Chemist: 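Quick one: structure below, then a few questions.
Keep in mind the model is a prediction, meaning the values are calculated, not measured.
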Amino acid sequence: MKFDRVKPPSNGEKISFHGGKLQVPQNPVIPYIEGDGVGPDIMKAARRVFDSAVAKAYGGRRKIIWFEIFAGEKANNSCGEYLPKDTLEAIENYVVAIKGPLTTPVGGGYRSLNVTIRQELDLYACVRPVRYFKGVPSPLKHPEKLNVVIFRENTEDVYVGNEWEAGTGEAKTIIEYLNTKFGTKIREASGIGIKPMSEFATKRLMRKAIKYAIEEGRNSITIMHKGNIMKYTEGAFREWAYEVAREEFPGLKIIIKDRIADSMFQQILTRPDEYDIIVAPNLNGDYISDACAAQVGGLGIAPGANMGDFVALFEATHGTAPKYANQDKVNPGSLILSGVMMFDYIGLKEASKIIIDAFQETILQKKVTYDLARQMEGAVELKTSEFASAIIENMS
C-alpha cells in the first residue's frame with residue numbers, strides 16, 4: 001500500500017485476518033504514534049521493553065518491525081494536519097497499532113483526536129483491564145480484590161459531539177422546536193446536546209464482551225447504566241445487552257447482571273471482588289474506568305485499547321502532561337501494559353508474561369517513577385528511561 005507522506009519499513013509483514021482469525025507473521029509490522037507531551041518519552045521507553053521481551057521470549061525467531069505514523073502536534077508541525085489520512089489508512093491496513101497520548105484542548109480548538117480516530121476506524125469497544133500489582137500504593141485496604149475488564153462503547157452517547165452552544169441560532173431553533181412540538185420546558189439560553197444510543201452499537205459491544213468472557217474464563221458481566229432515569233437511551237442499552245445474552249448465547253454459563261451507575265461507583269469501592277467484566281455506555285465507561293484505575297495506582301499504570309471487529313489501537317490511557325514533556329520523568333507503565341494487551345491480542349503471550357513478571361518485580365524492588373515513589377516509603381525514584389531499564393534487567 002502506498003502512502004502520501006510516510007514510508008513503510010522495507011522489511012516485515014503485515015498482520016491480516018482470514019476466516020475470522022488474525023494471521024500474525026513472525027516479523028509483524030506495527031505502526032506507532034509517539035503522541036504529544038510526554039508521549040515521546042514513554043514511547044521510547046516502552047518500545048525498549050517490548051523489543052527486549054520479544055527477544056527474550058523467542059530468541060530472535062520473532063521481531064516487531066516498528067513503523068512510525070503521525071498524529072497530534074508532530075503531524076501538524078510536519079504536514080499541517082493533526083490527523084493525516086495516512087495515519088488512519090496505516091492503522092486499518094496493518095490491523096494492529098499502538099499510540100501515546102494525544103492533546104485534546106478544553107473548550108475551543110480542534111476536535112478530540114482520540115474520539116475522531118475511534119469513530120473514523122469504527123473502533124467501537126474501548127477495553128480497559130484494571131488489576132492490582134503488589135506493592136503499588138492504594139487508598140484501599142484490599143486493592144487486590146479489584147480485577148475487572150471494562151468494555152466501554154466508543155462511538156455513541158454524548159461523545160458523538162452533537163451539541164450546540166447556548167445562544168446560537170441552532171440551539172434556539174432546537175429548543176423552540178422541542179418546546180413547541182413536544183411540550184418540553186427547556187430554558188431559552190441553554191446549550192443543547194443529543195445523546196444517541198442504538199441497538200446495533202450496544203449489541204455488538206455486548207457480543208464482544210461475552211466472547212471475551214468465554215475465551216478468558218471470566219465469571220460475570222455487569223451492565224452499567226442509568227436506565228432508571230434515561231429510560232430510552234441507557235434503559236434501552238440495558239435491555240439490548242440482555243437480549244444479546246439471551247438470544248445469541250443460549251446455555252451461557254456466565255452470570256449477566258446490571259447495576260445503576262451511581263450504585264456501581266459505590267459498590268466498586270465496597271465490594272470490588274463481585275465484579276469481573278463491566279459493559280457500559282461511553283460516558284459511564286469513561287468514568288468507571290478512571291475510578292477503578294484510581295484504586296490500584298492511577299492512570300500511570302492503566303492500560304487500554306480501542307478495538308473494532310479486528311482492527312485494534314492500543315494506547316496510554318492518561319493525558320499528555322505537557323509540563324513534564326522531554327523531562328524523562330513520567331511513568332511509562334500505562335503504555336507498557338497496553339503493549340502487554342497488544343502482545344496478548346496478536347498471540348505473543350510468552351512476551352506478555354515476561355513483561356508482567358518483570359514489571360511486578362520492579363515494583364516490589366521499589367524502583368519506580370516519581371508518581372509512585374512519593375507514596376512509597378524507601379522507594380528509589382527512577383526516570384522514565386531508568387524504569388524501563390529496571391524492567392528489562394528483571395526479565396527472565
Side-chain angles (χ1 to χ4, degrees), residues 32-47 69-77 82-83 87 91 97-120 123 126-130 136-137 139 150 152 154 157-159 161 280 282-307 313-342 368-375 382-385 387-388:
Y32 71 95
I33 299 168
E34 276 192 342
D36 297 323
V38 299
D41 282 349
I42 65 172
M43 183 61 75
K44 183 178 179 180
R47 284 179 55 202
I69 57 177
F70 304 96
E73 298 291 347
K74 194 170 184 178
N76 189 52
N77 291 339
Y82 285 102
L83 185 58
T87 297
I91 296 169
I98 190 166
K99 76 174 188 67
L102 294 172
T103 299
T104 301
V106 176
Y110 59 87
R111 181 183 174 88
S112 165
L113 295 180
N114 295 315
V115 172
T116 303
I117 291 171
R118 294 166 194 163
Q119 293 179 348
E120 288 293 322
L123 304 178
C126 180
V127 182
R128 295 271 299 271
V130 185
V136 172
I150 298 149
R152 166 190 169 194
N154 242 352
D157 205 347
V158 294
Y159 285 74
N282 211 335
L283 185 59
N284 290 340
D286 197 358
Y287 290 156
I288 198 68
S289 296
D290 286 7
C292 288
Q295 298 181 42
V296 294
L299 293 178
I301 55 172
N306 297 296
M307 309 179 78
L313 176 61
F314 299 83
E315 65 176 355
T317 59
H318 55 73
T320 58
K323 70 178 181 179
Y324 294 129
N326 304 312
Q327 293 185 30
D328 195 22
K329 184 178 180 67
V330 302
N331 191 339
S334 175
L335 192 60
I336 290 171
L337 295 175
S338 295
V340 167
M341 290 179 68
M342 180 177 72
V368 293
T369 47
Y370 84 100
D371 55 316
L372 299 180
R374 62 189 177 184
Q375 305 176 65
L382 301 180
K383 297 178 180 179
T384 307
S385 56
F387 184 59

Chemist: Is there side-chain contact between Y370 and N331, with at least one heavy-atom pair below 4.5 Å?
Modeler: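 The answer is no, as the side chains (C-beta and beyond) never meet within the 4.5 Å cut-off.
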Chemist: Which atom names give the shortest non-hydrogen contact between I150 and C292, and what distance separates them?
Modeler: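 Minimum heavy-atom separation between I150 and C292: CD1-SG, 4.2 Å.
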Chemist: Report the distance from atom CZ of F70 to atom CD of E34, rounding to the nearest 0.5 Å.
Modeler: 8.0 Å
Chemist: How long is the gap from OG1 on T384 to OH on Y324, to the nearest 0.5 Å?
Modeler: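 Reported to 0.5 Å precision, the distance equals 11.0 Å.
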Chemist: Looking at every heavy atom in both D328 and S385, which two are closest together, and how far apart are they?
Modeler: OD2-OG, 2.7 Å
Chemist: Any heavy-atom pair between the side chains of N282 and V158 that's under 4.5 Å?
Modeler: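 SC-SC contact between V158 and N282 ruled out.
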Chemist: What are the two closest non-hydrogen atoms of D36 and A71, and how far apart are they?
Modeler: OD1-O, 4.3 Å
Chemist: Can you tell me how far apart CD (E120) and CG (L83) are? Round to the nearest 0.5 Å.
Modeler: 7.5 Å
Chemist: Going through the distances and angles, do D290 and L299 end up as a side-chain contact (heavy atoms from CB on, under 4.5 Å)?
Modeler: CA-CA 7 Å; D290 286 7; L299 293 178; 3.4 Å; yes
Chemist: When you compare the side chain of L102 with that of I117, does any pair of heavy atoms fall below 4.5 Å?
Modeler: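 Side chain of I117 against side chain of L102, heavy atoms only: contact under 4.5 Å found.
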Chemist: Between CG of L113 and CZ of R118, what distance do you get to the nearest 0.5 Å?
Modeler: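 These two atoms lie 11.0 Å from each other.
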Chemist: Cation-pi check, R152 to Y159: give yes when NZ or CZ is under 6.0 Å from the six-membered ring centre and within 45° of the ring axis, no otherwise.
Modeler: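 Geometry flag: set, cation within 6.0 Å and 45°.
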Chemist: Does some side-chain heavy atom of I42 sit less than 4.5 Å from a side-chain heavy atom of H318?
Modeler: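 Contact flag for H318/I42 side chains = yes.
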Chemist: Which pair of heavy atoms, one from P40 and one from G35, lies closest together, and at what distance?
Modeler: CD-O, 3.5 Å
Chemist: Under a 4.5 Å cut-off applied to non-hydrogen side-chain atoms, are L372 and V136 in contact?
Modeler: yes
Chemist: Would you call D41 and K329 a side-chain contact if the rule is heavy atoms closer than 4.5 Å?
Modeler: no
Chemist: Under a 4.0 Å threshold between the charged nitrogen and the carboxylate oxygen, would R128 count as salt-bridged to D286?
Modeler: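 No, no charged N to carboxylate O under 4.0 Å.
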Chemist: Do N114 and E315 come close enough that some side-chain heavy atom pair is under 4.5 Å?
Modeler: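 Heavy-atom side-chain distance check passes, below 4.5 Å.
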Chemist: Which atoms form the tightest heavy-atom contact between L335 and M43, and what is the distance?
Modeler: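 For L335 versus M43, the nearest heavy atoms are CD2-CA, 3.6 Å.
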Chemist: How many angstroms lie between atom OG1 of T87 and atom CD1 of I69, to the nearest 0.5 angstrom?
Modeler: 5.0 Å
Chemist: Under the rule for side-chain hydrogen bond (donor to acceptor under 3.5 Å, both in side chains), what residues qualify as partners of N76, not counting sequence neighbours?
Modeler: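 For N76 the side-chain hydrogen bond (donor to acceptor under 3.5 Å, both in side chains) partners, ignoring immediate neighbours, are Y82.
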Chemist: Look only at the side chain of N154 and the backbone of L123, and say whether a donor-acceptor pair between them is shorter than 3.5 Å.
Modeler: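 Present.
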Chemist: Please find the pair of heavy atoms, one from A316 and one from S334, that lie closest to each other, and give the distance.
Modeler: CA-OG, 3.4 Å
